[in-house]
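Quick notes on the structure that follows.
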Amino acid sequence: MSDTVSHFIRSMIETDRARGAHGGRVATRFPPEPNGYLHLGHAKSICLNFGMAHDFGGSCNLRFDDTNPSKEDIEYVNAIKDDVRWLGFEWANLLHASDYFEVFYLCGEKLIRQGQAYVCDLSADDVRAYRGTLTEPGRNSPFRDRDIDTNLELFRRMRAGEFEDGARTLRARIDMASPNINLRDPALYRIRKVRHQNTGDAWCIYPMYDYAHCISDAVEGITHSLCTLEFEDHRPLYDWCLDQLDIEHDLALTEPLRAKGLHMTPSRPRQTEFARGNLDYTVMSKRKLIALVQEGLVDGWNDPRMPTLSGARRRGFPSGAIRTFWERMGYSKQVATIEYSVLEGCVRDDLDSKASRRLAVLDPLPVTIANLPPDHCETLSFANHPKDPTKGTREVSFSPRLYIEREDFAEVPPKGFHRLVPGGEVRLRGVGIVRCDEVVKDSNGTVIELRVSLDASTRPGLPGAERKVKGTIHWVCAASAVPAEVRLYDRLFDVPNPDDDSDGKTYRDHLNPRSKIIVRGYLESSLRDVPIESRFQFERLGYFVADQFDHRMERLVFNRIVTLRDSYAKAEK
RNA sequence: UGGGGUGUCGCCAAGUUGGUAAGGCACGGGAUUUUGAUUCCCGCAUUCCUAGGUUCGAGUCCUAGCACCCCAGCCA
């Protein structure tokens, strides 16, 4: 499938298997919270979790971490499923943390019975005050020593809805003096009389992430729980919960699942953290992405400039390019930001071999071949790919009235210019060599037409075609070309780190005003009828995709995915 | 000032029980080319955050520093 690059997580799994841990089994999960759209950063985690499961013949679940109904919405779960599938992955099981609500409750009772959890009546503010600070220990809650029966009774009444939102919490009884704040009697359950998108009004107490996540992993038989660095100091709590609960051997805890027909073998999973994927020239935080959308700075979540997966898809990025992108970056524990050029490189790599070539002119300059009869018309055969004959050929009509790219003509050429100049020659791709005999201008001095003569001895197939000229340019037949809206996209921000506001400027001040430019171009007629999301290389211009939503046969709309590498433009700078 | 992490080429990132710095991207040069694309060669860290130390030998071990990231939600 892909080259297997070694990294610390792969090595760890190999070691575990060699040791015979989990019987050699590998089970992972991708656990998004359905409260937003997936972005490129999530893709790194998706590729890792599904990739490890795939490489070791294991399985990967898609699990919605829906433990906070006040923030989550069903709208996102479908979008997330689409994105994961589009990325090319298939989950073994589609699950929700809310599938385990009954298990979480039983676990809560078990902790209480073991004297390891208690119902606390402190308000949120009080809890904060009792927690202490980074350098000072916290103080015990006055409710910390309630007896087991009282706790059990109170917990049952919490579930029954007898108390107001926020009135009480179930807390783990660990150590208020721990240097790790996560261990200072963390809340396990809070009261929220909110309807849940999956369980409706069945519950009014909802579990906290740390508590629900480890139990969910164990219940599903996850072997390797892979997450990002910020959860590193939550790992002691992850382990604490699982060690107290011993879900593997206490079948009573998972009985409610079997009663529902959900048969899974519990495990004792281990959490491992890796650095999240950061990309330069973009922002990835949920908050900023929402702001971009809500403030109309972009055209929605799937704006082709957005780092969301739906945006990447609409932009035309092949999902395979995104997969190789994260593979190239690798997985480590160093906080790192990868360059945007790596992503572009992956996209070009993928598309170079797969995309058929086409001719298109985006900034037309009329050209007339004066030494051909005005009514001359012929059909040329072009290879769809310069080095892949299996991609076949297509017909391209040719007549004496053409459009070339305005940029491919220069009245006063800069040094090193290889294209058309007055009196100079250039090759028209697939046609032959033409000489510029006359430059026609309007009253303002703007060039409005070029009159050229074609050297008939240089037509393809003739010996004269071997003649070398410095440049070859693309063109389109004026009579048969089809007009199209072409959206030229570029990176959304014009600074590498838009998150950096140390100079008093925010990401809003760094939006690239040229990130979206809409032009009207002319395409060779074979592009008249292509399906949405089909990708092509417009020769010498870049890779383009028929827009997923706006492209229609009556109104062609193409998005520029990425330009071709351009060593000439680069050298000019 | 508490705890948890991380520091290897411009950006990522490998570096086995210490044995004398992989690879990718970017970049520079050259060759091929009817896309200034692709492809193909060649080059690109006497050096691994710093300073000491151990050793015949250290990116890898020890000591002391420095820098950066994360943590005080009844968010995930």
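So that the names make sense, note that chain A is the first sequence line, chain B the second, and so on, each numbered from 1. Given the structure is predicted, the values throughout are model-derived calculations rather than measurements.
Atoms CG (A:Leu351) and P (B:U35) sit 19 Å apart, rounded to a whole Å. Taking atom CG of A:Asp125 as the reference point, atom P of B:G73 lies 10 Å away to the nearest angstrom. Rounded to whole Å, the distance from CG on A:Leu564 to P on B:U33 is 19 Å. Between A:Leu454 atom CG and B:U34 atom C1' the separation is 13 Å, expressed in whole Å.
The gap from the P atom of B:U16 to that of B:U6 amounts to 15 Å, rounded to the nearest Å. Annotation: B:U47 and B:G29 have their P atoms spaced 26 Å apart (nearest Å). Comparing B:G23 with B:C42, their P atoms sit 11 Å apart, to the nearest whole Å. Between the P atoms of B:G53 and B:A58, the separation comes to 12 Å (whole Å). A gap of 40 Å separates the P atoms of B:C25 and B:U63, to the nearest Å.
Both thresholds, 5.5 Å between centres and 30° between ring planes, are not jointly met by A:Tyr209 relative to the base of B:A76, so the two rings are not stacked. In this pair, A:His418 lays its aromatic ring flat on the base of B:G36, centres within 5.5 Å and planes under 30 degrees apart.
At least one test fails for A:Arg358 against the ring of A:Phe536: distance under 6.0 Å to the centre or angle within 45° of the axis. Geometric assessment of A:Arg357 against the ring of A:Phe538 yields a negative cation-pi assignment under the 6.0 Å and 45° thresholds. Taking the centre and axis of the six-membered ring of A:Tyr281, the NZ or CZ atom of A:Arg491 falls inside the cone set by 45° and 6.0 Å.
Here A:Thr67 reaches the OP1 or OP2 of B:A76: one of its side-chain N or O atoms lies under 4.0 Å away. Remark: A:Arg459 is not in phosphate contact with B:U34, judged by side-chain N or O atoms under 4.0 Å from OP1 or OP2. In this structure, A:Gln334 does not reach the B:C12 phosphate: none of its side-chain N or O atoms is under 4.0 Å from OP1 or OP2. For B:G73, one of the phosphate oxygens OP1 or OP2 lies less than 4.0 angstrom from a side-chain nitrogen or oxygen of A:Arg128. The side chain of A:Thr472 contributes no N or O atom lying less than 4.0 Å from OP1 or OP2 of B:U33. Contact check, A:Arg540 against B:G36: a side-chain N or O comes under 4.0 Å of OP1 or OP2. A sub-4.0 Å separation between OP1 or OP2 of B:A13 and a side-chain N or O of A:Ser332 is present. Side-chain N/O atoms of A:Arg190 include one lying less than 4.0 angstrom from OP1 or OP2 on B:C75. Distances shown here put every side-chain N or O of A:Arg565 at or beyond 4.0 Å from the OP1 or OP2 atom of B:U35.
One cannot find a donor-acceptor pair under 3.5 Å joining the base of B:U6 and the side-chain atoms of A:Lys333. Contact annotation: side chain of A:Asp233 to base of B:G3, donor-acceptor pair present below 3.5 Å. In the interface, the side chain of A:Glu339 is paired with the base of B:G10 through a donor and an acceptor atom under 3.5 Å apart.
How far CD of A:Gln197 is from OG1 of A:Thr199: 7.5 Å, rounded to the nearest 0.5 Å. Atoms CZ and CG, on A:Arg168 and A:Asp121 in that order, are 4.0 Å from each other to the nearest 0.5 Å. In this structure, CD1 in A:Ile338 is found 7.5 Å from CG in A:Leu279, a value given to the nearest 0.5 Å.
Backbone-only engagement by A:Lys468 is indicated by non-hydrogen atom pairs under 4.0 Å involving sugar-phosphate atoms exclusively. Residue contacts shown for A:Ala124 include a base, since a base heavy atom lies under 4.0 Å away. A:Gln537 comes within contact range of at least one nucleobase, with a heavy-atom separation under 4.0 Å. Looking at heavy-atom distances under 4.0 Å, A:Arg429 makes contact with a base. Contacts of A:Leu122 with the nucleic acid, taken as non-hydrogen atoms under 4.0 Å apart, include base atoms. Contacts of A:His234 with the nucleic acid, taken as non-hydrogen atoms under 4.0 Å apart, include base atoms. Note on A:Gly138: nothing from the nucleic acid sits closer than 4.0 angstrom, heavy atoms only. At a threshold of 4.0 angstrom between heavy atoms, the contacts of A:Phe231 include nucleobase atoms, whether or not backbone atoms are also involved.
A donor-acceptor pair shorter than 3.5 Å cannot be found between the side chains of A:His96 and A:Asp66.
When each of B:G36, B:C74, B:A13 is scored by its nearest atom to the side-chain atoms of A:Phe417, the top-ranked nucleotide is B:G36.
A donor-acceptor pair under 3.5 Å is formed between the side chain of A:Lys44 and the backbone N or O of A:Ala275.
Where A:Arg328 and A:Asp352 each meet RNA chain B at their nearest nucleotide, the meeting point lying more 5' is that of A:Arg328. Toward the 5' end of RNA chain B, the nearer of the two residues A:Arg235 and A:Asp280, judged by each one's closest nucleotide, is A:Arg235.
Glycosidic conformation at B:G65 (O4'-C1'-N9-C4 for purines, O4'-C1'-N1-C2 for pyrimidines): anti, more than 90° from 0.
If you check B:G52 for Watson-Crick or wobble pairing at under 3.5 angstrom, you find it paired to B:C62. With a cut-off of 3.5 Å on both Watson-Crick or G-U wobble distances, the partner of B:U6 is given as B:A67.
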